[in-house]
Amino acid sequence: MKFIVLISSLALTATSFTVPTAFSPRVSSPTATTGLTRTTKLFAEEYGASSTSFYTTTEKQDSYDDLDSILDAHCADKQLQTVIREMLDACADITEALRTALVTVEGSSNTFGDAQLSVDVIADEIMWDACKTSKVIKDGASEEDPIVRTIHPDNEYTVCWDPLDGSSIVDNNWAVGTIVGVWGKDTGFIGATGRDQKTSLVALYGPRTTVVVTLDDGVYEFTYGCTPEGCQLEDGTFAPWICSRKDIKISEDCKIFAPANMRAAQDLPGYKALLDHYMADKYTLRYSGGLVPDVYQQFTKNQGVFSNPTSDASPAKLRLAFEAAPFALLVEKAGGKTSDGVTGGSVLDVVITAVDQRTPLCIGSAKEVDRFNDMVCMVN
């Protein structure tokens, strides 16, 4: 008979651990007990949770406000309230679709030549359906097919979205998201800037679905489908969206970094030096390759920096209207900072001249964006 001993996470040496013989008790003597305790203590010191793990400090509340009460108190424009509700309803539908859909190749491709996945198509259809039935949306544009389409000529808003950001990692069952920017009909978004947005929101689909939204006085997070005690409605049901974080702030200092486009470090000595700085100063790496989770963590950890520079050999790929501008509005509203990756100016001030316009980006804690500007853009 063969016995297979599985030892996960730790590389154990013969001098630090003895595998029990077959059928023997795991601890058979005081000596064995002492040895095991000493070994366990050693592993806890060397491999246990470190001070850089950044666990949550959020405490449970006795009650939580629902979406309607927060919008009534923190969003004065009733039409803007409507578009926010409509977009959150779409995110709820995408949540349910992701729970039942398989991730398969659809057999079609988007305008950039990327193969579309089944979940891409489903999410995009849900967003278009929300626009078609909207009471306030005038125009819509999807990253999957970047053409501005007029739906209701007399309505108020132009909405741009990336229906499911993270297609390259969704088959791993990693966190992905939806990114939405909302411009008014007074500017549209072609010829406008990110700063002209009326609001923006980003949904994160993970173990839970959460959405961060810019309101009049700050950034708020809403969680879908939660049933905490004290949140029942009068009929015993629960509101679909509750406010899980209020007036979120991103600190100016951070020790979390998410470095994208690291290939560019081969061409940009400043970016290589910046990455070396992060490692030498023992920053915590939190990077999945998905824009939504890699930036969204700044709202839950209240700190962080995401960098995506550009070079001739490794050009930037982020879309200004569909990805960078909506996230930038959220981050700057929360006290963070952004860089266009070239001049060092805010990405919110870059004029949108094309629907599929690309941009480099650094976004997050202000002092780290300044460091990026100094070392990569070399503007100071």
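Taking 4.5 Å as the limit, every side-chain heavy atom of Val379 sits out of range of all side-chain heavy atoms of Thr343. Using a 4.5 Å heavy-atom cutoff, the side chains of Val202 and Thr178 are not in contact. The side-chain heavy atoms of Thr223 and Tyr64, taken from C-beta on, include no pair separated by under 4.5 Å. Two residues are said to be in side-chain contact when any heavy atoms from C-beta on lie closer than 4.5 Å; Cys131 and Ile151 meet this criterion.
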Mind listing the side-chain donor-acceptor pairs of residues 261-268 below 3.5 Å, one per line with the distance, residues two or more places apart or on another chain?
residue: Asn261; atom: ND2; partner: Pro309; partner atom: O; Å: 2.8
residue: Asn261; atom: ND2; partner: Ser314; partner atom: O; Å: 3.0
residue: Asp267; atom: OD2; partner: Ser311; partner atom: OG; Å: 2.8

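In the displayed structure, Arg208 atom CZ is contacted under 6.0 Å by at most 12 heavy atoms of other residues, nucleotides or ligands. Summarising the local packing, NZ of Lys249 is surrounded by more than 12 heavy atoms from other residues, nucleotides or ligands at distances under 6.0 Å. In Lys333, the NZ atom is crowded: over 12 heavy atoms of neighbouring residues, nucleotides or ligands sit closer than 6.0 Å.
Looking at Asp72 and Ser69, their side chains never bring a donor and an acceptor atom within 3.5 Å of each other. A donor-acceptor contact closer than 3.5 angstrom is absent between the side chains of Asp253 and Ser251. For the 3.5 Å distance criterion, the side chains of Thr100 and Glu96 fail to qualify, holding no donor opposite an acceptor. In this structure, a donor-acceptor pair under 3.5 Å is present between the side chains of Asp139 and Thr150.
Of the inter-residue distances, the one linking Leu71 atom CG with Leu80 atom CG reads 8.5 Å to the nearest 0.5 angstrom. The CD atom of Glu323 lies 12.0 Å from the SG atom of Cys160; values are rounded to the nearest 0.5 Å. In this structure, Asp281 CG and Lys255 NZ are separated by 5.0 Å, a value rounded to the nearest 0.5 Å.
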- Task: Would you check, one step at a time, whether the test side-chain hydrogen bond (donor to acceptor under 3.5 Å, both in side chains) holds for Ser346 with Glu332?
- Result: CA-CA 9 Å; Ser346 170; Glu332 291 199 12; 2.6 Å; yes
- Message: Quick one, Asp120 with Ser167, criterion side-chain hydrogen bond (donor to acceptor under 3.5 Å, both in side chains). Give me CA distance, side-chain angles, the key distance, then yes/no.
- Response: CA-CA 7 Å; Asp120 289 325; Ser167 297; 2.7 Å; yes
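Shown here are the salt bridge (Lys or Arg N to Asp or Glu O under 4.0 Å) partners of Asp216, two or more places apart in sequence or in another chain: there are none. Every residue two or more places apart in sequence or in another chain was checked for a salt bridge (Lys or Arg N to Asp or Glu O under 4.0 Å) with Glu86, and none qualifies.
Distance alone, capped at 3.5 Å, is enough to place a donor-acceptor pair between the Gln197 side chain and the Gly194 backbone. Ser339 places no side-chain N or O within donor-acceptor distance of the main-chain N or O of Cys362, the cut-off being under 3.5 Å. In terms of modelled atom types and a separation under 3.5 Å, the side chain of Ser307 and the main chain of Pro259 share no donor-acceptor contact.
Listed by first and then second residue, the ring pair (Phe, Tyr, Trp, His ring centres under 6.0 Å) pairs that reach into residues 255-276 are Phe257-Tyr278, sequence neighbours excluded. Sorted by first and then second residue, the ring pair (Phe, Tyr, Trp, His ring centres under 6.0 Å) pairs with a member in residues 185-216 read Trp183-Phe189; sequence neighbours excluded. The stretch residues 140-180 participates, sequence neighbours left out, in these ring pair (Phe, Tyr, Trp, His ring centres under 6.0 Å) pairs: Trp128-Trp161.
Note on Asp356 versus Arg358: no salt bridge recorded, every NZ/NE/NH1/NH2 to OD/OE distance being 4.0 Å or above.
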